[in-house]
Amino acid sequence: MTTAPCSPEVRELLLSRIKDVPDYPKPGVMFKDITPLLADPKAFAALTGALVDLAGRYGATKIVGLEARGFILAAPVAVQAGIGFVPVRKAGKLPGATLSQAYELEYGTAEIEVHAEDLSAGDKIMVIDDVLATGGTAEASLELIRRAGAEVAGVAVLMELSFLPGREKLTGALAGAPLDALIVV
């Protein structure tokens, strides 16, 4: 991790608004539900503010949000930071010319896309998502950003699941760019 991305008070507020849902979506999984955080205007504003601060530290010129909950977090950050928002979507969801990137899942593959014209040389991109788990989607997004000619400024997530290999998987793909998690569980 780089520097502390938010104060202990903000971290505690955010963590207090995340609900554990046992055995969802299947037995043995402890789902981290962020909808109570989003419903609390003070907590959502604190989250947005912490991510805006990181965008400034990263020198970001655009924000990429990863489908789907990454959109919810990334769009208000882009608005408050006064920079553009670019969605990275599942394959087949964007009209027009796109760049796509396949990546491995635990049981199979998936593919994400971005509009080819939304990222270009000179852009410094901050990637935002809700959770860093295995790192596959984030790694694929970094590849897409670089293929579009843009630079990866950094990756920020609300929550990192430290018992999964996401950070380790992203180390090479980050190529020195920072990875910040506001909460690590």
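Here the straight-line distance linking atom CG of Leu15 with atom CD1 of Ile183 works out to 5.0 Å at 0.5 Å rounding. Between the CD1 atom of Ile112 and the CG atom of Leu99 there is a distance of 10.5 Å, given to the nearest 0.5 Å.
Cluster membership check: Leu14 shares its hydrophobic cluster with Leu54, using side-chain heavy-atom separations under 4.5 Å among Ile, Leu, Val, Met, Phe, Trp and Tyr. The same ILVMFWY cluster, assembled from side-chain heavy atoms under 4.5 Å apart, contains both Ile125 and Leu174.
Of the possible polar contacts, none joining the Arg69 side chain to the Thr35 backbone as a donor-acceptor pair under 3.5 Å is found. Remark: the backbone N or O of Lys32 is not paired with any side-chain donor or acceptor of Asp20 at under 3.5 angstrom. Side-chain atoms of Gln101 do not come within 3.5 Å of backbone N or O of Ser141 as any donor-acceptor pair. Judged by distance alone, the side chain of Ser162 and the main-chain N or O of Val185 form a donor-acceptor pair under 3.5 Å.
Counting only N and O atoms by type, the side chains of Asp33 and Tyr24 include no donor and acceptor under 3.5 Å apart.
Screening residues 10-19 for side chain to side chain donor-acceptor pair (under 3.5 Å) gives Arg17-Asp40 as the qualifying pairs, with residues at least two apart or on separate chains.
The heavy-atom pair separating Phe71 from Gly65 by the smallest distance is CE2-O, 3.3 Å. Of all the heavy atoms in Asp123 and Asp118, the pair that sits closest is OD2-O, 4.0 Å. Counting all heavy atoms, side chain and backbone alike, Ala78 lies closest to Gly84 at CB-O, 3.8 Å. Closest approach of Tyr103 to Thr137, counting heavy atoms only: OH-OG1, 3.1 Å.
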